Amino acid sequence: MRIGVFICHCGSNIAGTVDCTKVAEIAKKFPDVVYTAEPMYTCAEPGQTAMEDAIHEYRLDGVVVASCSPRMHEATFRRTVERAGLNRYMFEMANIREHVSWIGKEKDANTNKAAELVEIAVAKLRNNRPLTAKTFDVTKKVLIAGGGVAGIQSALDCADGGVPVILVERESTIGGKMAKLDKTFPTVDCSACILGPKMVDVAQHPNITLHAYSEIEDVSGYVGNFSVKIRKLATYVDWEKCTGCGVCSEKCPSKKTPDAFNEFTGTTTAVSISFPQAIPKKAVINARHCRQLTKGKCGVCAKFCPTGAIDYAMQDSIVTEEVGCIIAATGYDLMDWTVYREYGGGAYPDVITSLQYERLLSSSGPTGGHLIRPSDGGEPQNVVFVQCVGSRDKSIGRPQCSAFCCMYTAKQAVLTKEHLPESQSYVFYMDIRAPGKMYDEFTRRAMEEYGVEYIRGRVSAIYPDGLGQYVVMGSDTLLGEPVEIKADLVVLAVGIEAARGTRALAEKLRISYDKSGFFMESHVKLKPVETNTAGVFLAGVCQGAKDIPASVAQGSAAAAKVMALFARDKLENNPQIAFVDLRRCVGCGKCIRCCPFGAIKEKDIRGETKAQVIETVCQGCGLCTSTCPQGAAQLSHATDNQILAEVNALCR
Amino acid sequence: MPVMEGKELRIVGFLCNWCSYGSADTAGVARAWQPTDLRIIRVPCSGRVDPLFIVKSLLNGADGVLVAGCHPRDCHYSAGNFYARRRLEVLKRFLPVLGINDARFEYTWISASEGQRWQQMVTSFTNRIHALGPAPRFENATPLPKVVGMALPPSSRPLGTGKNAPLDDLKQGIKEKLPDLECVIGWQRGYDGVHTAPLFMKIPEDVEKLVWGPFNVANPAVYLPKFKGKKVGIVVKGCDSRSVVELLQEHLVAREDVTIFALPCQGTLDMSRVKEKLGRYTVVDNVVCDETEVIITVDGKKHRLPMNDFAQVKCRLCTKPMAVFADTPLGESPEVEIATHVPPELALLDAMNLDERMAYWSGQITRCLRCYACRNACPMCVCRDYCVSDSRDPRWMTQEADVTQKLFFQAIHALHLAGRCTGCGECQRACPVGIPILALRQQIARTVEELFDDYRAGFDPAAVPPLLSYEVEEKSIREREWK
Amino acid sequence: MNYAYYPGCSTQGASTDYEKSTRAVCAALGMNLVELPEWNCCGSTPAHAVDTELSAALCVRNLDIAARQESETLLTPCPSCLSNLKHAAKRMQNPEARARVNELLDNPAASEFPAVTSVMQGMAAHLDAKEIASRTRKSLSALTFAPYYGCLMSRPAEIMKFGDPENPTLMESLLTACSATVLDFPLKTACCGASYGIPERSMTARLSARILQLATDMKVDAIVVACPLCQMNLDLRQPQAEKAADTRFAMPVLYFTQALGLAFGFSPDTLGLEKLRVSADSLLRKLGTGAANAAGSR
Amino acid sequence: MSNITDIRLKRDAGFIAEVEAASGQKLSTCYQCGNCTAGCPAGFAYDKQVNRIMRGAQLGLKDDVLNSRAIWMCLSCFTCSLRCPNNIDVAAIMETLRHMARKKNMVSVRKVEKFWFSFLNTVRAFGRSWEIGTMALYMLRSLRVFTDIDLAPEALKKQKLPFKPYVVPNGGAGAVGRIFKRYRERADREGVRP
């Protein structure tokens, strides 16, 4: 090989504490090194040109640049050597700035260390091989998991952009949490009125196929070519025939079915349509409460259904969709707040969650929008709101802020006053987090115009006083006193967690999730929509707590990512992936078992089982390489021999 | 290039590209001063760090090795660090048995934003290594003179010669199945009455050659992978059957292809001790087994060998005299007292300090001929012709016959057996110069048992091998504190 | 079965009724309490408030006696003693602290102590609810109780190991085994004012009043307690609480052992009921004459 | 004197470290939510609420904290520790502050301390506590003759208060006395107030 080594001065950034000339002198003696140079700024245009010239002049077939971190300029220099006619992988970097000149005080030691890092790079480069990317076709179709406001926005944007959309929703209607809300902050406009039209658009859009009451069973494939199995849960109602007339629900004798859509503030019938604006507006039988399905006798709904849509024998069915991208928009659930024994742990009827309160306020809710106490149906006089229940609480392992509770609490306090002008609301808070547009103004209005009493402090305990009211033991840290309020109704701003089943979905999508179960974005700041699995994007609260505008924005952002990817007809893979030396492979399948991406499959080659890497799926982690005992699986650009060369350069 | 003599020590870091390499960059950008000893090798993922890179570094002069990856759950590749955590923890608990101080190796998790933490880690790790001083090297160790005194552990059951085993029923059973099978693997009389040789029964006449008894020491499972894809039968002792189970688990033989014949085993002889007892001889006159002892007459001299004194150590500790499962089992498993005794080879090392262990291995391994008999006898060494010990690509080892190369091969074998070794002891039995290499495998097996819910290889073909899986929250692996 | 037993000073003075009823009930359950010889005061709140090592030393002297008794379990009826003994045992696990505590003692303490637990937990471990129910001679179904544990019995949870520190339920299970109605009493682990009755009377008066008020509003027949100090604050000092709250409670405050004792058919006098300041006659009336009759049979 | 707190002047970093070491708690984890204050049963008797004490300790305002009345009125009921969202053992911090104040002779509520010593003196003398003795000593020390005099008739009638102390036999009382003696001697050696 003919290797050229460039020791960058980076102005005085490196040359200040590293004797670059000496490093170059030492490097000259390394095997295969035929040329060294000491550019002032290698990354600057003159530096790059000089490198190209040197490659031509000295017929170099490999280049080492000792400069900053490869995370900074590896891509830059790879393009440089490529322009000069070399394969971009015949290039290595030695990080002598971040790892040497900026952290070591002694010039001697730094110089010695820099030379060694160059030696490692040269040793590796001598084992490098040219690598080339492969291209493959793309299925220009997207699957969106979750039909909340984020998923709806992604679906509509993609569909408008001409991309066919498969929208999968677990519940019987799309709309998500937003559909349950009465009003939205900071404008206090009706949630159903602004979300409703979007839901109707989804139903009517020719590019959108909706699978409601369905779950994702299995995902295989890779960016551009995913295959997704969808389990359509049995509704016991043939939706082809159901017109959504609601007769079944009217006639159903099983009237005490818990009403999940209303957050269990009321009851519904065993066959029902979750709410009047549901999309699709189709009935579903709750199998656990249907008399026909549990006891085998009833059949009332089947008798009355004008279209004969009831089918008690219905089973789950599986459909498979081929798509090129997947957007996860699976949203959130409230955490299980009953761990707070000091708030009654769920035993007190008038201590409720904020989402239950939304249903009590909503005109489509169980009380028709009449604000009453669940225990006795009376109108509450004193309503206490407690924030940060299950948020910012390390003692129960939930240190994170749920981000939107401050705002909806203010909204609910305002609505309380509007519903019951004689009432008085109190809000126990730690900090008011209102950084959005018109948000702080809104909380101020709650206090100034609606007379909501904000008290800065957490609540230690809530208990019934034996006379029908609840004692809320709080404190006012600004006053420096403990505070007690007798409340008729207590609303807990319960913190959020990733929706149930999120972890299982993450495993299927092969993406990561954080401690609270929220999906991990590729980069906290710069790649907030991407995941580390190519072709899988995130929208809405499934990625982290956010309010409606932010969810909608991320929904659109995910759609843009999909459309950008689909703008190309062919995709290129990263050639730094694993390959299997078939001669060495004994077909034991250890690599297949532990590949995090399912990127290795068994293949029968002339009657023998061998492992084969699916080049488009492999992400290049190299786990297979360190798993394979016979060294048959090797990761290109980080092969055993390449790393051994580095080890041998250091330890001998 | 040497380290700065007297100033620096050789410290190698393997850092994943995404998190920990990033944290080192972040520390650099923040001008967070650090000791200069550490040399960083960038790898895509901590899961790419083969523990053997670390062993190789430590055998070849590294004074310390640090591996860093993304925090659990933050792996750029989802789960690479979860696998790394298991494998590196096994390694950490393996190093001391070689005589290498495990404080010289550390692994940890750090995110790209934690520059300050990186600075603290590098500083504290470097300080730690300096406190330990330069690593002693095997080639400089004074070999420990021959070590004696491995006390025999009590036997888990009465041992015998298997004289009354239903051998004829077994032969009958084999003959019945033989027409459907390519062959059945078993034992036959060897070159004299105190040795057996492998027997491949193809026709009913072959079956008559089958023998059963204390001389059936070899593990026939070693031949099984060669018949991959063919219908084959195998006669097994309890210990042999665990190897069969492992091969099934690793898809190296298919359950439907193999027919297992089993008899309960009463123990087999430790041939090295038999040899010692018989001394040099020319002719075996007679071998008679009564129930509990073997009476061997060589060159006219009669030797009594009670099984209780001459059985292999593994038979004394055996918890599975009967096959894990068999298609044609004959007889019931005898009662076994389940007691966990540290095998004597390992107990010997447990009693030594690190320096003594290094001296011990240095002395023992010098005798290694690099004949690879250990590898060839191992039923789990399925790489065969493609063993990394003698390949150029990848080139893990050189052909030099020095202590580090020899020991490195043993480390390769032991670590490749992690979670797979059933402790059949064939490696050690096959060693022509009698190096007690089984201890290394035993230490790995003990570690796997400690870390992964008492997992023992070779009992369940459907079990998930612990090193090919992970738990998000590991029950028995604790993150070490950095101070 | 034999149990080492540490009665605590209160049971020798102000709370002899707790001692009497504890011994009676334990005997009925087949628990033989073996009092530690020459036991001393645990130091109570004053000792640990002054110095944790002094407190530990006073406790460890008792633990050491218990260790020499070779009993597996040491029972004590008083939560304050229990808390001090358990804290001391915990502290002795730290070698530095152990050395400093040993300095205060005549002889270094034993390396291990028997487990210390409350009489209440001891009973529950000795017999399950069904067996306890089977020993009931007089159903308490006519009575409604507010169970009150006080603050020390369940806290800190990791030391006291008394179940959910916000919502212990052991007393409920014992009392319901005797068919009593036991309400979910929200202030069951609130503080009654502890030993501040003497130096800061207004404190105990106010805190006890809160508890008595809620129990009164919940219309219970009695508050049932497990702590001598709680009993004293709620019962003996009830007039002070009444004065603070400007109301009248007349709320009987029983030890749980007294309540169990009634169910087991002991006479009021065996249980020391006459020691209560607020008379328990109202309870006895509700139970009918049975209690008095049963007393004759014992 | 200005009533503006100059944090640079009043902060005592050594004090912060001392409190953290003795209590085993990290003061900086407190984010001042006020839950400790909200649940504290004795708060009404405090000059400064618990969260205010925590803030003072966090800032290292030694005199401010050690001179408070609150640390003496704390009942050690552990409600604050139980409910702290940051898992701080607040009660341990209160006790640590109490110990520090005592050792430095900064006792702002003398009567509480007097009561403690009245109690402990009976224990020192007899090995066990003795209610009447404690009360008598306390009345003497605090000059509060009528403490609980209203309870006396009822308590005496119910024979709740033994007139004679119980002395732990077989040298037990002596052994307890020696514990106190060694404690006092060690405190003298270490230069702290026993």
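Here the structure is a predicted model, which is why all the values come from computation and not from measurement. We name chains A, B, ... by the order of the sequence lines, and we start the count at 1 in each one.
Looking only at side-chain heavy atoms (C-beta outward), A:H99 and B:L38 stay at 4.5 Å or farther from each other.
Looking at B:V472, only its side chain comes within 4.5 Å of chain A, counting heavy atoms on both sides. For A:R97, no part lies under 4.5 angstrom from a heavy atom of chain B. Residue contact with chain B, scored on non-hydrogen atoms closer than 4.5 Å, is absent for A:N127. Both the backbone and the side chain of A:L623 come within less than 4.5 Å of a heavy atom of chain B. Heavy atoms of A:T627 lying under 4.5 Å from chain B belong to its backbone as well as its side chain. For A:Q634, the part lying near chain B is the side chain, with the backbone staying farther off; criterion is any non-hydrogen pair under 4.5 Å. In this structure, the portion of A:L635 lying under 4.5 Å from any heavy atom of chain B is its side chain and not its backbone. Within the 4.5 angstrom heavy-atom criterion, only side-chain atoms of B:V43, from C-beta onward, approach chain A.
Ranked by heavy-atom pairs under 4.5 Å with chain B, the first of A:G589, A:A632, A:G587, A:G620 is A:G620. Between chain A and the residues B:G229, B:S391, B:G61, B:A27, the largest count of heavy-atom pairs under 4.5 Å involves B:S391.
Applying a 4.5 Å heavy-atom cutoff, the residues of residues 70-80 of chain B that approach chain A are B:R73, B:D74, B:C75, B:H76, B:Y77, B:S78, B:A79, B:G80.
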May I have the step-by-step check of salt bridge (Lys or Arg N to Asp or Glu O under 4.0 Å) for A:D640 and B:R48, ending in yes or no? CA-CA 10 Å; A:D640 282 342; B:R48 173 67 189 91; 2.9 Å; yes
A:E74 vs B:R42, test: salt bridge (Lys or Arg N to Asp or Glu O under 4.0 Å). Steps then yes/no. CA-CA 13 Å; A:E74 192 172 54; B:R42 183 168 68 129; 2.6 Å; yes
For A:L650 and B:I41, run side-chain contact (heavy atoms from CB on, under 4.5 Å): C-alpha distance rounded to whole Å, both residues' side-chain angles, the deciding distance at 0.1 Å, then the answer. CA-CA 10 Å; A:L650 289 172; B:I41 294 176; 4.0 Å; yes
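At a threshold of 4.0 Å, the pair A:E116-B:R10 counts as salt-bridged, since one of the basic side-chain nitrogens sits closer than that to a carboxylate oxygen. With respect to A:E106 and B:K7, a salt bridge is recorded, a charged nitrogen being found less than 4.0 Å from a carboxylate O.
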